[in-house]
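Written below as structure tokens is the structure these notes are about.
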Amino acid sequence: MIKFFYFFLIFCTLQSVNSQTTEELDKMYQRVKYLEQKEDEAQRYIFGTRDYITNLIIDNFNSLGSENYKDLLNKEKFLWYRVDRNLEYYKGNYVRFLRENHKSLLDYKNQMLSFIKSKLPTKTSCKEAVKYVKNNFKLLQVKDRYELESNWLKKVSLYYDEKNDKNIVIAEMYIDNKFNEYIFCSIDYKLWNDFAIGGFNLPKSYGERFWRTIMDMKCNCE
């Protein structure tokens with residue numbers, strides 16, 4: 001009986017050790033998986049930063065022109081080389097790289113964004129565009145507040161750019177608690193007539209027709 005009791009104690013002790021060992025191994029496995037996941041996240045962040053910059057250059061090819069495009073790609077390669085050299089030192093430990101050398105990645109990103117911005121054409125001021133249209137283009141038609149009968153649409157004017165054979169609309173509207181002039185481009189005569197005259201399946205009021213026909217045609221200015 002005593003011998004059986006000893007065997008039972010030894011069996012329970014072994015079971016307990018095995019259970020603790022299994023728990024420790026499980027904890028270690030979970031820890032390794034957690035660290036691997038963190039490494040994956042760090043790696044995605046680092047190379048995702050480069051993807052963001054290169055895609056930004058590629059997406060703006062038409063605006064940049066071929067010379068600026070090539071110049072930016074060369075600058076990107078040069079600046080990324082410095083980041084890449086630092087990465088080599090950390091031998092794939094991306095979490096440690098971000099913890100200790102995050103500034104080099106930020107410098108790369110900020111410098112490239114600055115270079116890209118300097119190469120992209122600046123947008124025209126909408127106020128300057130309105131002023132230029134009024135001074136240089138032919139005024140064809142005007143709808144004033146008495147005809148419009150709108151509490152937010154004060155005046156809508158159609159101008160003609162003879163040189164480029166295009167129509168421009170300038171509208172004075174009440175938005176954000178104040179009246180401002182807004183400029184709309186590429187307004188063909190059908191679009192203007194749909195607003196100014198109306199037609200089948202179009203709203204009766206000028207305000208509603210403006211939203212339906214012209215509101216989405218804002219010029220590319222700021």
Side-chain angles (χ1 to χ4, degrees), residues 27-137 161 163-170 175-176 180-188 214-222:
K27 286 180 181 178
M28 188 181 295
Y29 174 77
Q30 294 298 330
R31 179 63 179 167
V32 168
K33 294 299 291 181
Y34 172 78
L35 291 174
E36 286 177 352
Q37 184 181 358
K38 288 297 178 186
E39 284 295 335
D40 288 343
E41 289 176 6
Q43 185 180 17
R44 282 197 298 271
Y45 175 77
I46 292 166
F47 291 100
T49 300
R50 190 186 191 192
D51 288 342
Y52 169 74
I53 292 297
T54 53
N55 287 336
L56 194 61
I57 296 171
I58 293 167
D59 291 344
N60 284 284
F61 173 80
N62 291 331
S63 299
L64 290 165
S66 59
E67 289 301 316
N68 286 333
Y69 178 77
K70 290 175 185 176
D71 184 47
L72 284 171
L73 286 180
N74 288 332
K75 279 186 169 65
E76 190 280 327
K77 286 178 183 177
F78 173 74
L79 290 176
W80 182 256
Y81 174 72
R82 294 194 292 189
V83 177
D84 202 37
R85 279 195 310 175
N86 287 329
L87 280 170
E88 286 179 8
Y89 172 79
Y90 288 90
K91 298 177 180 179
N93 192 332
Y94 300 110
V95 172
R96 186 177 162 217
F97 168 82
L98 287 178
R99 188 168 57 242
E100 297 177 2
N101 210 355
H102 190 230
K103 188 177 181 297
S104 66
L105 188 65
L106 284 179
D107 286 344
Y108 157 82
K109 182 179 180 181
N110 291 334
Q111 285 184 61
M112 282 310 305
L113 287 176
S114 178
F115 285 140
I116 293 169
K117 186 178 179 181
S118 70
K119 298 293 185 181
L120 286 171
T122 55
K123 283 188 177 181
T124 306
S125 159
C126 288
K127 286 185 177 180
E128 289 299 316
V130 166
K131 185 178 178 180
Y132 182 83
V133 168
K134 286 182 173 182
N135 291 335
N136 294 278
F137 295 169
D161 175 7
K163 183 179 179 181
N164 297 301
D165 190 28
K166 290 185 178 181
N167 294 326
I168 308 289
V169 164
I170 294 175
I175 294 178
D176 295 332
N180 272 322
E181 287 183 306
Y182 297 85
I183 185 166
F184 302 85
C185 293
S186 303
I187 311 297
D188 59 38
I214 296 176
M215 196 64 172
D216 290 336
M217 306 298 290
K218 285 183 179 178
C219 298
N220 188 25
C221 59
E222 56 187 18

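- Taking CG from Asn74 and CZ from Phe78, the interatomic distance works out to 11.5 Å, rounded to the nearest 0.5 Å.
- To the nearest 0.5 angstrom, Arg85 atom CZ is 8.0 Å from Arg82 atom CZ.
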Legend entry - Verdict with reasoning, Tyr45 to Leu105, per side-chain contact (heavy atoms from CB on, under 4.5 Å): CA-CA 10 Å; Tyr45 175 77; Leu105 188 65; 3.7 Å; yes
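- Tyr132 has its side chain out of reach of Thr124: every pair of non-hydrogen atoms, C-beta onward, lies at least 4.5 Å apart.
- Ile168 is not listed as a side-chain neighbour of Ile187, based on a closest heavy-atom distance of 4.5 Å or more.
- Counting only distance, with no hydrogens or angles, the side chain of Glu181 and the backbone of Lys127 share no donor-acceptor pair below 3.5 Å.
- Separating the CZ atom in Phe115 from the CD1 atom in Ile57 is a distance of 10.5 Å, to the nearest 0.5 Å.
- With a 4.5 Å cut-off on side-chain heavy atoms, Leu113 and Leu56 count as touching.
- Looking at heavy atoms from C-beta onward, Tyr182 lies in side-chain contact with Ile175 at the 4.5 angstrom threshold.
- Between the CG atom of Leu120 and the CG atom of Asn68 there is a distance of 8.5 Å, given to the nearest 0.5 Å.
- Within a 6.0 Å sphere centred on CZ of Phe47, heavy atoms belonging to other residues, nucleotides or ligands number more than 12.
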Inset, instruction - Kindly determine whether Val169 and Met217 satisfy side-chain contact (heavy atoms from CB on, under 4.5 Å), including the steps that lead there. - result: CA-CA 9 Å; Val169 164; Met217 306 298 290; over 6 Å; no
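- Counting heavy atoms from C-beta outward, Met112 and Trp80 have side chains that stay 4.5 Å or more apart.
- Between Ser125 and Cys221, the shortest heavy-atom distance links the atoms C-CB, 4.2 Å.
- Expressed to the nearest 0.5 Å, how far CG of Asp216 lies from CD1 of Ile214 amounts to 11.0 Å.
- The shortest side-chain heavy-atom distance between Asn60 and Tyr69 does not fall under the 4.5 Å cut-off.
- Once rounded to the nearest 0.5 Å, the distance linking CZ of Phe61 with CG of Leu72 reads 12.0 Å.
- Cysteines Cys219 and Cys185 have SG atoms closer than 2.5 angstrom.
- Scanning both residues, Asn101 and Asn86, for their nearest heavy atoms gives ND2-CG, 3.3 Å.
- No donor-acceptor pair under 3.5 Å is formed between the side chain of Ser114 and the backbone N or O of Asn110.
- Tyr108 is not listed as a side-chain neighbour of Asp84, based on a closest heavy-atom distance of 4.5 Å or more.
- The pair Glu128-Lys131 fails the salt-bridge criterion, with no side-chain N (NZ, NE, NH1 or NH2) lying under 4.0 Å from an Asp/Glu carboxylate O.
- A salt bridge does not link Asp40 with Arg44: every distance from a Lys NZ or Arg NE/NH1/NH2 to an Asp or Glu carboxylate oxygen is 4.0 Å or more.
- Side chains of Asn93 and Glu39 form a contact here, defined as non-hydrogen atoms less than 4.5 Å apart.
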